[in-house]
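Heads up: the structure comes next, in structure tokens.
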Protein chains: 2
Amino acid sequence: MPDAADLERLLRAAGLRVTRPRLAVLDAVHAEPHLDTEALIGASRARLGAVSHQAVYDVLRVLTDSGLVRRIQPQGSLARYEARVGDNHHHLVCRDCGAIVDVDCAVGEAPCLTPSDDGGFAVDEAEVVFWGRCPSCTAA
Amino acid sequence: MPDAADLERLLRAAGLRVTRPRLAVLDAVHAEPHLDTEALIGASRARLGAVSHQAVYDVLRVLTDSGLVRRIQPQGSLARYEARVGDNHHHLVCRDCGAIVDVDCAVGEAPCLTPSDDGGFAVDEAEVVFWGRCPSCTAA
DNA sequence: CTCCGTTTCTTGACTTGTTCAAGGGAAGTT
DNA sequence: AACTTCCCTTGAACAAGTCAAGAAACGGAG
């Protein structure tokens, strides 16, 4: 769990200005992965007192573009964000409750998998989503 | 390429009523894979003369639920539909132009891949999206 | 073949997540 | 400390998809 100084360093290293909304959003994404935008707006407000939703949207875009956070969006789910970035891990998604859990990639580096026939594409990433039912939904 | 009678058979086999909108949408999905909803509305109207967008949305939901078509939705793309179903193939997606191409699954049956640690999930499918650049975007 | 009940389609309004735009305010540079 | 640039606020707009009520069509029964 990085502290405020770490987060500030991350932003500067990415060539971004350090602002309170950016620190708050980045902190929230580190604190709890796989939150959707609305939850992140809430989490940012808990940290700052007030932020516009537009600011959070802007910050998330900037952070995503500069590679500080990763956006994921399984089918049927809203956009979600996580701070684990650059390790090409994958996700388990529950068909019932939508819960998302990280899975380490067996290989580690992207693309961890190569298509049987790449159709001439220059492939740089293999995104894998494992669909199933989480333990508590299986029980119910 | 199935003809009208084949499509009708598919619908009946799935326990669905045979209606003109359903035949038109199903035909369009077979004719050209990976179309989005708006394109399918257009393709259906080309076949029927007139259909409401709502009817197409309803038909797509019913066809998807009954397994006659598969819905895919890579990040940054609208919902798209394809008739290749039940063979657990995967997709190549171009980061620039959004082109989608099928890739056969090396294994064939779902889930073709199993997570390193399933976290207690009952996994039934591994969805794989290969991201990269298509030949013409690579050239440009 | 016709009638009837149920499903499906039409019409039109609405929701939701996200984006656009204009102006005031803060970050960081000199 | 002043200035320039970028960021945040406010409020409106947008687009894909959904909801709801009534009309039409499917297909089973007589």
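The model shown is predicted, which means the values in this text are computed figures rather than measured ones. So that the names make sense, note that chain A is the first sequence line, chain B the second, and so on, each numbered from 1. In what follows, every heavy atom counts, from backbone to side chain, and hydrogens, waters and symmetry copies are set aside.
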**Report entry** Side-chain N or O of B/Thr19 closer than 4.0 Å to phosphate OP1/OP2 of C/dT7
**Finding:** no
Query raised in the report: Hey, which of these two, A/Arg20 or B/Leu78, hits DNA chain D nearer its 5' end, going by closest nucleotide?
Result: A/Arg20
**Report entry** Of the listed nucleotides C/dA13, C/dT10, C/dG17, the one nearest the side chain of B/His53
**Finding:** C/dA13
**Report entry** A/Arg61/A/Asp58 ion pair, N-O < 4.0 Å
**Finding:** no
Query raised in the report: Whole-Å distance between C/dT10 P and B/Tyr57 OH?
Result: 15 Å
Query raised in the report: Atom CG of A/Leu60 to atom C1' of D/dC7: distance rounded to whole Å?
Result: 15 Å
Query raised in the report: In residues 7-18 of chain B, which residues come under 4.0 Å of DNA chain C by heavy atom?
Result: B/Arg17
Query - side-chain N/O A/Arg22 vs D/dC7 OP1/OP2, d < 4.0 Å - result: yes
Query - Phosphate OP1/OP2 of C/dT19 contacted by A/Arg61 side-chain N/O (<4.0 Å) - result: yes
Report task. For the pair A/Ile100 and A/Glu82, evaluate side chain to side chain contact (heavy atoms under 4.5 Å, CB included) and give the outcome as yes or no after the intermediate values. Result -> CA-CA 11 Å; A/Ile100 301 180; A/Glu82 63 184 1; over 6 Å; no
Query raised in the report: Side-chain N or O of B/Thr37 less than 4.0 angstrom from OP1 or OP2 on D/dA16?
Result: no
Report task. Mind checking B/Val51 for me? I need base, sugar-phosphate or nothing, with any heavy atom below 4.0 Å counting as a touch. Result -> sugar-phosphate
